[in-house]
Chemist: 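What follows is a single structure, and I will ask about it in a moment.
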Amino acid sequence: MTPRLVLITGANRGIGREIALRMAGEGFQVVMACRNVSKALLVRDDIRARTGNALVDVLPLDLSSLASVRMFADTFRSTYRRLNMLINNAGILAFSKGCTSDGFEQTVGVNYLGPFLLTSLLLPLFPTGEDNRIINLTSMVWPLGTFDIERFLAYKGLKAYAVSKYAILLWTMYMADKLAVRDITVQAVHPGVVRTGIFSQRKWYDVLINTVMRPFLLSVEQGALPVLKLALEPQGIEKTARYFKGFKEQSLQAADVPPALIKVLMQRSADWVNTRM
Ligand SMILES: NC(=O)c1ccc[n+]([C@@H]2O[C@H](COP(=O)([O-])OP(=O)(O)OC[C@H]3O[C@@H](n4cnc5c(N)ncnc54)[C@H](OP(=O)(O)O)[C@@H]3O)[C@@H](O)[C@H]2O)c1
């Protein structure tokens with residue numbers, strides 16, 4: 001029997017690496033989409049050795065470049081031809097200013113616009129009538145991410161992170177509505193506050209952040225668990241909840257995810273990355 005295929009972005013470290021390890025252990029064919037291929041290959045070898053699952057591959061993907069996303073999607077399509085699960089995990093939290101190669105603010109570009117394009121390009125690969133899932137990593141800070149659509153690409157630092165995670169939530173709502181008829185569940189999850197490299201800014205105050213936060217942080221193994229629950233547990237498409245904070249379903253009000261805002265964000269996002277949703 002052909003194993004189910006899961007694609008995980010940012011699978012070379014942090015929560016994504018743990019998810020890849022556990023999904024390989026569950027017998028999935030795993031494709032790790034990573035920008036640092038040499039590091040990812042070492043992780044791939046480790047996962048293969050620890051799980052005995054040889055069907056773990058690495059493909060290069062840099063979410064800060066729409067050209068890279070398009071190239072990745074072409075290679076993925078011609079190599080695998082199908083996809084059962086997409087876990088949009090890769091993300092950054094950058095305090096400093098920076099731009100993607102397409103000129104977008106880096107955090108919004110990497111966390112939201114890159115995955116938005118990637119997902120739209122891969123959607124045709126989900127087979128109808130099967131158990132298909134898309135899981136997006138968001139953050140509980142999303143309520144701080146309210147934005148003016150005209151300024152969407154201009155926010156910086158922590159605000160940009162929150163905006164990117166709110167945009168992921170709005171996009172998740174949109175896709176969940178649209179893709180149910182195609183047998184694809186779409187969910188967003190906050191994994192918890194987890195001890196990974198995401199807080200590191202390569203600055204002198206890293207030590208301070210790590211020391212202060214360390215006792216309050218979950219391990220990577222713990223942080224992966226809410227994602228793995230959504231990935232592995234059986235679920236009916238009609239009853240699927242859309243946003244989880246850790247293991248807990250959260251009900252969202254229309255004021256949290258206004259349909260008019262979703263509509264305008266989807267239209268603009270499709271224009272920015274030059275795709276159709
Ligand atoms: N840790 C937390 O407390 C926490 C809380 C809420 C939400 N989250 C979310 O959980 C997800 C995973 O975070 P984490 O804590 O595991 O972070 P992490 O340890 O810093 O790992 C981030 C992953 O994303 C990859 N990545 C970064 N920029 C990329 C790009 N341009 N193209 C492709 N891949 C890129 C990294 O690759 P490189 O190794 O090449 O940099 C790495 O594999 C993120 O979406 C994050 O926002 C985390």
Side-chain angles (χ1 to χ4, degrees), residues 7-22 31-44 47 58-73 86-95 98-102 104-118 135-145 158 160-169 171-172 188-202 206 209-210 213-228 230 243-246:
L7 168 60
I8 307 162
T9 65
N12 57 301
R13 63 187 171 93
I15 299 167
R17 175 185 177 148
E18 181 65 18
I19 297 168
L21 173 68
R22 295 286 306 275
V31 178
M32 304 165 57
C34 302
R35 68 174 164 176
N36 189 328
V37 172
S38 53
K39 282 191 185 162
L41 287 173
L42 296 175
V43 176
R44 178 205 65 181
I47 292 176
V58 172
L59 280 187
L61 170 68
D62 183 351
L63 288 162
S64 72
S65 155
L66 298 181
S68 169
V69 173
R70 289 184 184 283
M71 199 179 298
F72 174 91
L86 168 60
I87 303 183
N88 284 309
N89 162 80
I92 58 168
L93 165 58
F95 294 165
C99 278
T100 68
S101 49
D102 306 282
F104 302 125
E105 187 286 323
Q106 60 182 342
T107 306
V108 168
V110 169
N111 292 2
Y112 170 65
L113 289 171
F116 180 94
L117 176 61
L118 177 70
I135 302 170
N136 295 327
L137 276 277
T138 184
S139 164
M140 67 176 181
V141 302
W142 68 261
L144 304 176
L158 275 175
Y161 183 75
V163 167
S164 73
K165 294 299 175 179
Y166 183 37
I168 287 171
L169 197 64
W171 170 49
T172 300
V189 57
H190 164 74
V193 186
V194 185
R195 197 179 308 128
T196 67
I198 199 159
F199 302 106
S200 166
Q201 301 297 314
R202 297 174 206 277
D206 278 357
I209 294 177
N210 283 328
M213 290 187 68
R214 199 170 182 81
F216 304 102
L217 302 180
L218 300 175
S219 67
V220 163
E221 291 79 5
Q222 290 170 313
L225 287 177
V227 185
L228 290 164
L230 297 183
Y243 170 51
F244 290 76
K245 193 168 161 189

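One-based numbering, in listed order, for ligands and for the atoms of each.
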Chemist: Please could you name the atoms of ligand 1 that N12 approaches to less than 4.0 Å, counting only its heavy atoms?
Modeler: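 By the 4.0 Å cutoff, the relevant atoms are 37 (O), 38 (P), 39 (O), 42 (C), 43 (O).
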Chemist: Under a 4.0 Å heavy-atom limit, does V220 contact ligand 1 with its side chain, its backbone, both, or neither?
Modeler: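 Within the 4.0 Å criterion, V220 makes no contact with ligand 1.
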Chemist: Taking C-beta and beyond as the side chain, do Y243 and L169 meet within less than 4.5 Å on heavy atoms?
Modeler: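 Sidechains of L169 and Y243: in contact.
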Chemist: Answer with side chain, backbone, both or neither: which part of L61 has a heavy atom less than 4.0 angstrom from an atom of ligand 1?
Modeler: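 L61 to ligand 1: backbone contact only, side chain stays beyond 4.0 Å.
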Chemist: One residue to check: R17. Relative to ligand 1, which of side chain, backbone, both or neither has a non-hydrogen atom less than 4.0 Å away?
Modeler: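 The answer is neither.
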Chemist: Nearest protein heavy-atom contact for atom 32 (N) of ligand 1: which residue, which atom, what distance?
Modeler: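 The answer is L63 N, 2.9 Å.
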Chemist: If we set the cut-off at 4.0 Å for heavy atoms, which region of C34 has an atom near ligand 1: side chain, backbone, both, or neither?
Modeler: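 The answer is neither.
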Chemist: Which residue supplies the protein heavy atom nearest to atom 10 (O) of ligand 1, what is that atom called, and how far is it?
Modeler: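 So the nearest neighbour among protein heavy atoms is L137 CD1, 3.7 Å.
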Chemist: Rounded at 0.5 Å granularity, tell me how far CD1 in I15 sits from CG in L228.
Modeler: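 Going from CD1 on I15 over to CG on L228, the span is 10.5 Å.
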Chemist: Nearest to atom 8 (N) of ligand 1 by heavy atom, F72, F199, Y161: which?
Modeler: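 Among F72, F199, Y161, the closest heavy atom to atom 8 (N) of ligand 1 belongs to Y161.
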Chemist: Does some non-hydrogen atom of I92 fall short of 4.0 Å from ligand 1?
Modeler: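 Under 4.0 Å: yes for I92.
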Chemist: Relative to ligand 1, is R195 under 4.0 angstrom through side chain, backbone, both or neither, heavy atoms considered?
Modeler: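 No part of R195 comes within reach of ligand 1.
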Chemist: Among protein heavy atoms, which lies nearest atom 46 (C) of ligand 1, and at what distance?
Modeler: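 Its nearest protein heavy-atom neighbour is I198 CD1, 3.4 Å.
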Chemist: Assess G192 for proximity to ligand 1: is some non-hydrogen atom of it under 4.0 Å away?
Modeler: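 The answer is yes, since G192 has a heavy atom less than 4.0 Å from ligand 1.
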Chemist: Give the ring-plane orientation class for F116 versus W171, where under 30° counts as parallel, over 60° as perpendicular and anything between as tilted.
Modeler: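 Ring orientation of F116 relative to W171: tilted.
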Chemist: Can you report which non-hydrogen protein atom sits closest to atom 36 (C) of ligand 1, along with the distance?
Modeler: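 Nearest protein contact, heavy atoms only, for atom 36 (C) of ligand 1 is R13 NH2, 3.9 Å.
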Chemist: Heavy atom to atom 1 (N) of ligand 1, shortest distance: which of V194, N89, L218 holds it?
Modeler: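 Nearest heavy atom to atom 1 (N) of ligand 1 lies in V194.
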Chemist: Assess T138 for proximity to ligand 1: is some non-hydrogen atom of it under 4.0 Å away?
Modeler: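 The answer is yes, since T138 has a heavy atom less than 4.0 Å from ligand 1.
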Chemist: Of the protein's non-hydrogen atoms, which lies at the shortest distance from atom 14 (P) of ligand 1, and what is that distance?
Modeler: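 I find the closest protein heavy atom is T196 OG1, 3.5 Å.
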Chemist: Heavy atoms only: which of M32, R35, K39 lies closest to atom 29 (C) of ligand 1?
Modeler: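 When every heavy atom of M32, R35, K39 is considered, R35 comes closest to atom 29 (C) of ligand 1.
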Chemist: Can you tell me the protein heavy atom closest to atom 22 (C) of ligand 1 and the distance?
Modeler: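 Nearest neighbour among protein heavy atoms for atom 22 (C) of ligand 1, to 0.1 Å: G91 O, 3.6 Å.
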